[in-house]
Amino acid sequence: MTIQYIADNSALEESIAHLNTCTEFSIDLEFDKNRYRYGFNLCLMQIFTGEQCFLIDPLSADLTIEKIFPVLANPNIQKIVFAFGEDLRLLHSLGCFPKNLYDLDVATSLLNYAPASLTNLLAEIIGIEVGKSSQQSNWFQRPLSEQQINYAAEDVLYLLTLKEELLKQAKKAKITDWITQENSIFDTLDYSDEDHNPIIKEKDKKDLSVFEWHIFTRLSEFIDTVAQKYSKPNYQIMDKKVLDQISRNPGKIGQWEKLPGIYRKLKNDQFKKEISGVLEEIISEAEQKNLSKTEKAETSFTKEEYLAFREEQRRINQIKEEVFIPIQQRIVEDYGKNVKSFLLSNRQIKEIITGEGSIPDYKKSLFQNYAEELNLDVSPYLNSEKKAS
């Protein structure tokens, strides 16, 4: 087995030629999501074929990472991954839609393993101890440290072996089709329009007035443009606590140089003048819109809405207790509590009752079989038209 660092298109094309001859390979990504730089950024791609390990550097000026996308999208090559949700979101944002994924996290969940890191699962299932995690290190740094390279390689080196062991267990438990159906869902997902850098969240409203909330949101948008300019996460430009304080008391901008949580390069008269001008425009907008300084930005239910909400919650809880809790108990008895959490969590029960999401065929069959044994009627929830998840 060899580890090859790929940093130019010539080497990448050679590795692609090799990958196109494979029926499967394992893959993982190292990325930075608003930790060291602005945005959601691919920093390294690791692939292992069973013979060769490729560490592909998308940050290299001599490499075009898009060249490998057709290989990842090839449905005839299976990609072995572990807990690939965020990785998939990142690839979709780059215009890459991998097909034929086999996520070992799905397999371990359906085999009743407790939620655990890959490191712990490797030790538990196949007795392999890997090195200390470097997941939180700065993957933008070049050259990568020896520890980072070893960590990145170990993320893919043992996935093929782990898959073979889990396949044996799945065949014995007669759930190989369950795993196949769950993994096939990945082919239908599309995260390309998802906002991976939300600058404003509902919880930011706290008890801000409508007027103050306008200042908060517009000033956040301005800070976001500054963050992009400096290629830094928003929180490194201005802490949200400072944004909140200024929104409540715009006069605090006069203490700019003394305010904590401000990027040091912005603590100067020039930027103070710029942000003060922006703030004045925002306040003027709020006044022109005649936004309330007393009404809270966070809306609350009317009495009628609250009563309707309570009634819907009562309905859901009643169905849950009468129909789905007994099925949950049977799943625990037959397959284990971790399988129950994966197959039929409380959140999933609510989605089934309200008609959200979709249910794989194996789940429908399982729930229907249990319902028949328990003399329960699940047909209203399993046979209705579902919205695409």
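Only heavy atoms go into these numbers, but all of them, side chains included; no hydrogens, no water, no symmetry mates. Numbers here are sequence positions counted from 1.
- At a threshold of 4.0 Å, the pair K273-D269 does not count as salt-bridged, since none of the basic side-chain nitrogens sits closer than that to a carboxylate oxygen.
- Side-chain contact check for N41 and Y36: no donor-acceptor pair (N or O, by modelled atom type) lies under 3.5 Å.
- Taking 4.0 Å as the cut-off between side-chain N and carboxylate O, K163 and E24 count as a salt-bridged pair.
- More than 12 heavy atoms of other residues, nucleotides or ligands shown are found within 6.0 angstrom of NZ on K363.
- Judged purely by atom type and a 3.5 angstrom limit, T64 has no side-chain atom pairing as donor or acceptor with the backbone of E66.
- Each of I282, L219, I283 was scored for a side chain to side chain contact (heavy atoms under 4.5 Å, CB included) with P250, with one residue passing: I283.
- With hydrogens and angles disregarded, a donor-acceptor distance shorter than 3.5 Å links the side chain of N268 to the backbone of K265.
- Taken to the nearest 0.5 Å, the CG atom of L159 stands 7.5 Å off from the CG atom of D28.
- A 6.0 Å sphere centred on CD of E333 holds more than 12 heavy atoms belonging to other residues, nucleotides or ligands.
- Using a 4.5 Å heavy-atom threshold, the side chains of T225 and E221 count as separate.
- Under the 3.5 Å distance criterion, the side-chain polar atoms of S26 are matched with a main-chain donor or acceptor of V156.
- Minimum heavy-atom separation, D57 to C43: OD1-O, 3.9 Å.
- No more than 12 heavy atoms of other residues, nucleotides or ligands shown are found within 6.0 angstrom of CD on E146.
- Not one N or O on the side chain of S231 forms a donor-acceptor pair closer than 3.5 Å with the backbone of Q228.
- Surrounding CG of D195 are more than 12 heavy atoms belonging to other residues, nucleotides or ligands, all under 6.0 Å away.
- Within a 6.0 Å sphere centred on CZ of F309, other residues, nucleotides and ligands contribute 12 heavy atoms or fewer.
- Checking N197 against N34 by side-chain atom types alone, a donor-acceptor pair falls below 3.5 Å.
- Here the two rings, on F48 and F25, have centers that are 6.0 Å apart or farther.
- Counting only N and O atoms by type, the side chains of E322 and Q318 include a donor and acceptor under 3.5 Å apart.
- Between D187 and N100 the shortest heavy-atom distance is OD1-N, 3.0 Å.
- Between the CG atom in L366 and the CD1 atom in I359 there is a gap of 11.5 Å [rounded to 0.5 Å].
- If you take CG on L42 and CG on L90, they are separated by 5.5 Å, rounding to the nearest 0.5 Å.
- With ring centers used as reference points, F324 lies under 6.0 Å from Y381.
- To the nearest 0.5 Å, atoms CG (L19) and CG (L12) are separated by 9.0 Å.
- The aromatic rings of Y263 and Y230 lie perpendicular to each other, with more than 60° between the two planes, well past the 30° mark.
- Minimum interatomic distance between P233 and A227 (heavy atoms only, all atoms of both residues): C-CB, 4.3 Å.
- The cationic group of R89 does not satisfy the cation-pi geometry with F40, failing either the under 6.0 Å distance to the six-membered ring centre or the 45° limit from the ring axis.
- A donor and an acceptor atom, one from each side chain of E165 and T161, are nowhere located under 3.5 Å apart.
- Q148 and Q141 share a donor-acceptor pair across their side chains, judged by distance under 3.5 Å alone.
- The existence of a salt bridge linking R347 and E351 is confirmed by a sub-4.0 Å separation between a basic side-chain nitrogen and an acidic carboxylate oxygen.
- Residues in residues 336-376 take part in these ring pair (Phe, Tyr, Trp, His ring centres under 6.0 Å) pairs, two or more places apart or across chains: W178-Y362.
- A donor atom on one side chain and an acceptor atom on the other are not found under 3.5 Å apart for D103 and N183.
- Side-chain polar atoms of E13 and N9 form no donor-acceptor pair below 3.5 angstrom.
- Summarising the local packing, CZ of R315 is surrounded by more than 12 heavy atoms from other residues, nucleotides or ligands at distances under 6.0 Å.
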Original post:
For K350 and Q313, what are the C-alpha separation, side-chain angles and deciding distance, and is it a side chain to side chain contact (heavy atoms under 4.5 Å, CB included)?
Top reply: CA-CA 10 Å; K350 182 177 179 181; Q313 292 302 111; 4.0 Å; yes

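- Checked by atom type and distance alone, the side chain of Q78 never pairs as donor or acceptor with a backbone atom of T23 at under 3.5 Å.
- The shortest heavy-atom contact between F31 and W139 is O-CD1, 4.4 Å.
- Residues L63 and I6 share a closest heavy-atom pair of CD1-O, 3.6 Å.
- Side-chain polar atoms of N369 and E373 form no donor-acceptor pair below 3.5 angstrom.
- The shortest distance between side-chain heavy atoms of I80 and L162 does not fall below 4.5 Å.
- Y38 pairs with exactly one of D224, N234, D32 by the side chain to side chain donor-acceptor pair (under 3.5 Å) rule, that one being D224.
- No side-chain heavy atom of Y306 sits less than 4.5 Å from a side-chain heavy atom of S300.
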Original post:
Can you check side chain to side chain donor-acceptor pair (under 3.5 Å) on S284 and Q288, steps first, answer last?
Top reply: CA-CA 6 Å; S284 178; Q288 289 175 17; 3.2 Å; yes

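- Residues N346 and Q328 have side chains in contact (heavy-atom distance under 4.5 Å, counting atoms from C-beta outward).
- Side chain of N338 to backbone of N112: a donor-acceptor contact under 3.5 angstrom is found.
- Using cut-offs of 30° and 60° on the angle between ring planes, the pair F271 and F222 is parallel.
- A side-chain donor-acceptor contact under 3.5 Å links K267 to the backbone of L259.
- Among residue pairs with one or both ends in residues 197-214, those qualifying as salt bridge (Lys or Arg N to Asp or Glu O under 4.0 Å) are E202-K205, D204-K240, D207-R248; sequence neighbours excluded.
- Within a 6.0 Å radius of CG in D190, other residues, nucleotides and ligands contribute more than 12 heavy atoms.
- Residues M238 and I246 come closest through the heavy atom pair CE-CD1, 4.3 Å.
- Cation-pi check for K79 over Y102 is not met; the charged atom does not lie both under 6.0 angstrom from the ring centroid and within 45 degrees of its normal.
- No chain of hydrophobic side-chain contacts below 4.5 Å, direct or via other Ile, Leu, Val, Met, Phe, Trp or Tyr residues, connects Y235 to L243.
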